[in-house]
Asks: 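Have a look at this one.
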Amino acid sequence: ARLYADLDAGSTMVGWEQAYAYRGTFDGNGHTLTFNVPDHNRENLAPFVWVGNATIKNLHTAGTITSSKKFIGGLISQVLPNANATVENCRVSVTINTSVNGDANNGGLVTVVNTDATVMFRNCKFDGSFDGTNCSHNGGYVGYANGAVIVDNCVFAPDHINTKPDGCATWARIGTGYYTLINSYA
């Protein structure tokens, strides 16, 4: 898929269910996808909810996602187990706003990298925001990783962070996975 103009997607999400995960290449072609979700009572919210073997590139996401649940991502919510995903030349300016009390597992770009999955971030920037005065345990790029996360030539420069710092990580919160940081700055 390729964008040929900026698009206001409202609250429409791709790959809403795990069985229909997005697979393939999505080329934003340098355009902005604005995504606004008003107060929602569901976990797993992001422009791309479930992603399998996929590449998302040249895309800018903006807007606000508000939920009383966790697993909110500025680009992707969940990467399927054993999948390989690449996020390249993307900028995420989304405000992630949650009323969760405690562990939120929100991620600036991706909420969860599932078991044995790999996500490569190359030439990306997060300049969005994290809001939720009672939430904690968020990741600047990845909310929680049970797979491999590679961050290459990326920047984490949030507009603001208004959450508890408990259990948070600049790049990725790690479960059974790991992350590699190459030439990236916060």
Asks: What's the shortest heavy-atom distance between G140 and F156, and which atoms?
Replies: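 In this case the closest contact between G140 and F156 is CA-CE1, 3.3 Å.
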Asks: Which heavy-atom pair separates V113 from A148 by the least distance, and what is that distance?
Replies: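 For V113 and A148, the tightest heavy-atom pair comes out as CG1-O, 4.1 Å.
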Asks: Before you tell me yes or no, could you show the steps for R91 and D127 under side chain to side chain contact (heavy atoms under 4.5 Å, CB included), namely the whole-Å CA-CA distance, both residues' side-chain angles and the distance that decides it to 0.1 Å?
Replies: CA-CA 7 Å; R91 176 179 168 208; D127 60 0; 2.8 Å; yes
Asks: Just do the side chain to side chain donor-acceptor pair (under 3.5 Å) check on Q78 and N44 with the steps written out, would you?
Replies: CA-CA 7 Å; Q78 301 258 353; N44 295 319; 3.0 Å; yes
Asks: Do you know the tightest heavy-atom contact between M13 and A46?
Replies: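 Scanning both residues completely, I find the closest heavy atoms to be CG-O, 3.2 Å.
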Asks: Are the side chains of F126 and P158 in touch, meaning some heavy atoms are under 4.5 Å apart?
Replies: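 They are in side-chain contact.
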Asks: Judged by atom type as modelled, is there a donor-acceptor pair below 3.5 Å linking the side chain of T61 to the main-chain atoms of G74?
Replies: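 Indeed, once roles are kept as given, a pair shorter than 3.5 Å links the two residues.
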Asks: To which residues is I182 joined in a hydrophobic cluster, defined by side-chain heavy-atom contacts under 4.5 Å among Ile, Leu, Val, Met, Phe, Trp and Tyr, whether direct or through other members?
Replies: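 Members alongside I182: M120, I150.
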Asks: Check for a donor-acceptor pair, side chain of D27 on one end and backbone N or O of N29 on the other, with a separation under 3.5 Å.
Replies: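 Indeed, once roles are kept as given, a pair shorter than 3.5 Å links the two residues.
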Asks: Could you measure the distance from the CZ atom of F48 to the CD1 atom of I76? Nearest 0.5 Å is fine.
Replies: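 It comes to 7.5 Å.
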Asks: Mind checking the CG-SG spacing from L109 to C124? Nearest 0.5 Å is all I need.
Replies: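 It is 6.0 Å, given to the nearest 0.5 Å.
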Asks: Does anything in residues 62-72 form a side-chain hydrogen bond (donor to acceptor under 3.5 Å, both in side chains)? List the pairs, not counting sequence neighbours.
Replies: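 Passing the test, one end in residues 62-72: N41-S68.
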Asks: State the CG-CZ distance between N162 and F130, to the nearest 0.5 angstrom.
Replies: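 CZ of F130 is found 12.0 Å from CG of N162.
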Asks: Any side-chain heavy atom of L75 sitting closer than 4.5 Å to one from L59?
Replies: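 Yes; the side chains approach each other to less than 4.5 Å.
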Asks: Using modelled atom types and a 3.5 Å cut-off, is there a donor and acceptor pairing between side-chain atoms of S184 and backbone atoms of C154?
Replies: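 Looks like yes, one N/O pair under 3.5 Å.
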Asks: Any side-chain donor paired with an acceptor under 3.5 Å for D6 and H60?
Replies: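 The criterion, which ignores hydrogens and geometry beyond distance, is not satisfied for H60 and D6.
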Asks: Closest heavy-atom contact between I56 and C90?
Replies: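 In this case the closest contact between I56 and C90 is O-SG, 3.6 Å.
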Asks: Measuring from D152:CG to N123:CG, what's the distance to the nearest 0.5 Å?
Replies: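 Result: 7.0 Å between the selected atoms.
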Asks: State the OG-CG distance between S99 and D131, to the nearest 0.5 angstrom.
Replies: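 S99 OG to D131 CG: 11.5 Å, rounded to 0.5 Å.
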Asks: Heavy atoms, side chains only, cut-off 4.5 Å: are T176 and Y178 in contact?
Replies: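 No, their side chains stay 4.5 Å or more apart.
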Asks: Are Y144 and V119 linked, directly or through intermediate hydrophobic residues, by side-chain heavy-atom contacts shorter than 4.5 Å (ILVMFWY only)?
Replies: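 No.
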Asks: Which heavy atom of T111 sits nearest a heavy atom of G73, and at what distance?
Replies: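 So the two residues come closest at CG2-N, 3.2 Å.
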Asks: If hydrophobic clusters are built from ILVMFWY residues whose side chains come within less than 4.5 Å, do F71 and V100 share one?
Replies: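 The answer is no; the residues belong to distinct hydrophobic clusters.
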Asks: Using ring centroids (six-membered ring only for Trp), state whether Y179 and Y141 fall under 6.0 Å.
Replies: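 For Y141 and Y179, the ring centres are not under 6.0 Å apart.
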Asks: Given the rule that I, L, V, M, F, W and Y join up when any side-chain heavy atoms are under 4.5 Å apart, are V110 and W171 in one cluster?
Replies: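 Yes, same cluster.
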Asks: For V142 and F121: C-alpha separation, side-chain torsions, deciding distance, then whether side chain to side chain contact (heavy atoms under 4.5 Å, CB included) applies.
Replies: CA-CA 10 Å; V142 177; F121 298 103; 3.7 Å; yes
Asks: To the nearest 0.5 Å, tell me how far N89 CG sits from R122 CZ.
Replies: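 The distance works out to 9.0 Å.
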Asks: Can you give me the closest heavy-atom contact between A104 and C135, atom names plus distance?
Replies: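 That closest heavy-atom pairing would be CB-CB, 3.9 Å.
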Asks: Give the cluster check for Y22 versus V92: same hydrophobic cluster or not, with ILVMFWY residues linked at side-chain heavy-atom distances below 4.5 Å.
Replies: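 Same cluster: Y22 reaches V92 through Ile, Leu, Val, Met, Phe, Trp or Tyr contacts under 4.5 Å.
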Asks: Between N106 and I72, is there a donor-acceptor pair closer than 3.5 Å when you use the side chain of the first and the backbone of the second?
Replies: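 Between the backbone of I72 and the side chain of N106 there is a qualifying donor-acceptor contact (under 3.5 Å).
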Asks: In the structure I gave you, are the side-chain heavy atoms of L80 and Q18 within less than 4.5 Å of one another anywhere?
Replies: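 They are in contact (side-chain heavy atoms under 4.5 Å apart), so the answer is yes.
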Asks: If Ile, Leu, Val, Met, Phe, Trp and Tyr residues are connected whenever their side-chain heavy atoms lie under 4.5 Å apart, and connections chain through other members, are V79 and V112 in the same group?
Replies: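 No, because V79 and V112 fall into different hydrophobic clusters, even though each may have its own neighbours under 4.5 Å.
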Asks: For the residue pair F26 and L3, establish whether any side-chain heavy-atom pair is separated by less than 4.5 Å.
Replies: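 A side-chain contact under 4.5 Å exists here.
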Asks: Where do N138 and R173 land on the side chain to side chain donor-acceptor pair (under 3.5 Å) test, with the steps shown first?
Replies: CA-CA 7 Å; N138 300 303; R173 292 183 56 244; over 6 Å; no
Asks: Under a 3.5 Å threshold, yes or no: a donor from one side chain and an acceptor from the other, between N58 and R2?
Replies: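 R2 and N58 do not have a side-chain donor-acceptor pair below 3.5 Å.
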Asks: Can you tell me if T34 and D8 form a side-chain donor-acceptor pair at under 3.5 Å?
Replies: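 T34 vs D8: no donor-acceptor pair found between side chains.
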Asks: Just do the side chain to side chain donor-acceptor pair (under 3.5 Å) check on N146 and N114 with the steps written out, would you?
Replies: CA-CA 5 Å; N146 282 330; N114 281 293; 5.5 Å; no
Asks: Does the Lys NZ or Arg CZ of R42 fall within the cation-pi geometry relative to W16 - under 6.0 Å from the ring centre and within 45° of the axis?
Replies: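 The answer is yes, since R42 meets both limits relative to W16.
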Asks: Look at the side chain of N97 and the backbone N and O of I65, then say whether any donor-acceptor pair between them is shorter than 3.5 Å.
Replies: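 No, N97 side chain to I65 backbone: no donor-acceptor pair under 3.5 Å.
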